[in-house]
Amino acid sequence: MQLSPKYTLNNGVGIDVLGYGVYKVPAEDCANLVATALDSGYRTVDTAALYGNEEGVGTAIGNAVAAGTPREELFVTSKVWNTDQGYDATLAAFDASMERLGLDYLDMYLIHWPCPARELFIPTYKALEMLYREGRVRAIGVSNFEAPHLHELLAATDVVPAVNQIELHPWLAQTELRAVHAGLGIATQAWSPLARGAILNDPVLLELAARQGRSVAQIVLRWHVQSGHLVIPKASSAERIAANLAVFDFSVSETEMAAIDALDRGQRSGSHPNEVN
Ligand code: NDP
């Protein structure tokens, strides 16, 4: 069974380079799909309170542990939703997520969006720091933070976020923000790494994939890995779930990497972080 290589976060905690994302996985399918992913070799699962499927994630994780997979080999991320921002509300939201997940501890907890108009991401993050200090979560971080949000956060808090999970794929390369992350020791985790599937028809990628004898999804995921991104693709069939993890036995050449880099056109498949509140 192929496992993802590990990446060491800025606090020494290991996370899989490639994990399984469950946004838009229906609650009733989630336990089965996460179990399929775990059977395929995934060890990291990305969910959020918003997704409405934390119970399914927890069921699959619990079953895997009961069947002999050590809990320490598994890595579960969840996120505090926008309407739960604020110190006390975040602590309550964390408890509610943990209840749904049925876990003793969480591996990573993120602020889902900065929501600049709410002006609450600093007290929200201070609640994450408290959970981290109490040992209830092994790593804390943020999602959808732009550089000014990161700088404002760092000026007011103590723990440098382990990750910033952002929309990132060849059509949206996020070059400047990734450089900011590198300077601060924050890992970049790519959401919608396949641009929600839209990028799979890109003619340049189709040609590269044909030349390599790989799927376009595999070429794009390999580009992420070689670019140093953590990545959490979502898929709904056992075949696609397994194929998306099978990107550690080939490489994309420097010329091919440059051809994929050149596809950047600043095109989002989701919202701009300043517009979500
Ligand atoms: P992805 O870029 O992962 O694309 C998922 C889409 O691509 C699905 O329609 C899927 O189809 C299709 N797909 C996946 N693999 C293949 C394949 N091998 N061949 C063909 N089609 C494929 O989009 P997501 O938006 O789901 O992002 C991934 C994860 O990132 C989410 O699940 C979530 O965990 C996280 N995320 C975080 C956000 C945040 O704000 N922090 C926002 C959005 C996502 P099918 O399902 O039918 O197999």
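What you see is a predicted model, and the numbers here were worked out from it, not measured in a lab. Note that ligands are numbered from 1 as they come in the structure, with each ligand's atoms numbered from 1 the same way.
Relative orientation of the Tyr51 and Tyr23 rings is tilted, given thresholds of 30° and 60° on the angle between their planes.
Around ligand 1, the residues contributing at least one heavy atom under 4.0 Å from the ligand are Gly21, Val22, Tyr23, Asp46, Tyr51, Lys79, His112, Trp113, Ser143, Asn144, Gln165, Trp191, Ser192, Pro193, Leu194, Ala195, Arg196, Gly197, Leu200, Ala217, Ile232, Pro233, Lys234, Ala235, Ser236, Arg240, Asn244.
A salt bridge links Arg136 to Asp95: at least one charged side-chain nitrogen sits closer than 4.0 Å to a carboxylate oxygen. Checked for salt-bridge contact, Lys79 and Asp46 meet the test: a charged N lies under 4.0 Å from a carboxylate O.
Sorted by first and then second residue, the side-chain hydrogen bond (donor to acceptor under 3.5 Å, both in side chains) pairs with a member in residues 33-44 read Asp16-Thr44; sequence neighbours excluded.
With rounding to the nearest 0.5 angstrom, the CZ atom of Phe94 is 10.5 Å from the CD1 atom of Ile140.
Seen from the ring of Phe250, Arg214 counts as a face-on cation partner, given the 6.0 Å and 45° thresholds.
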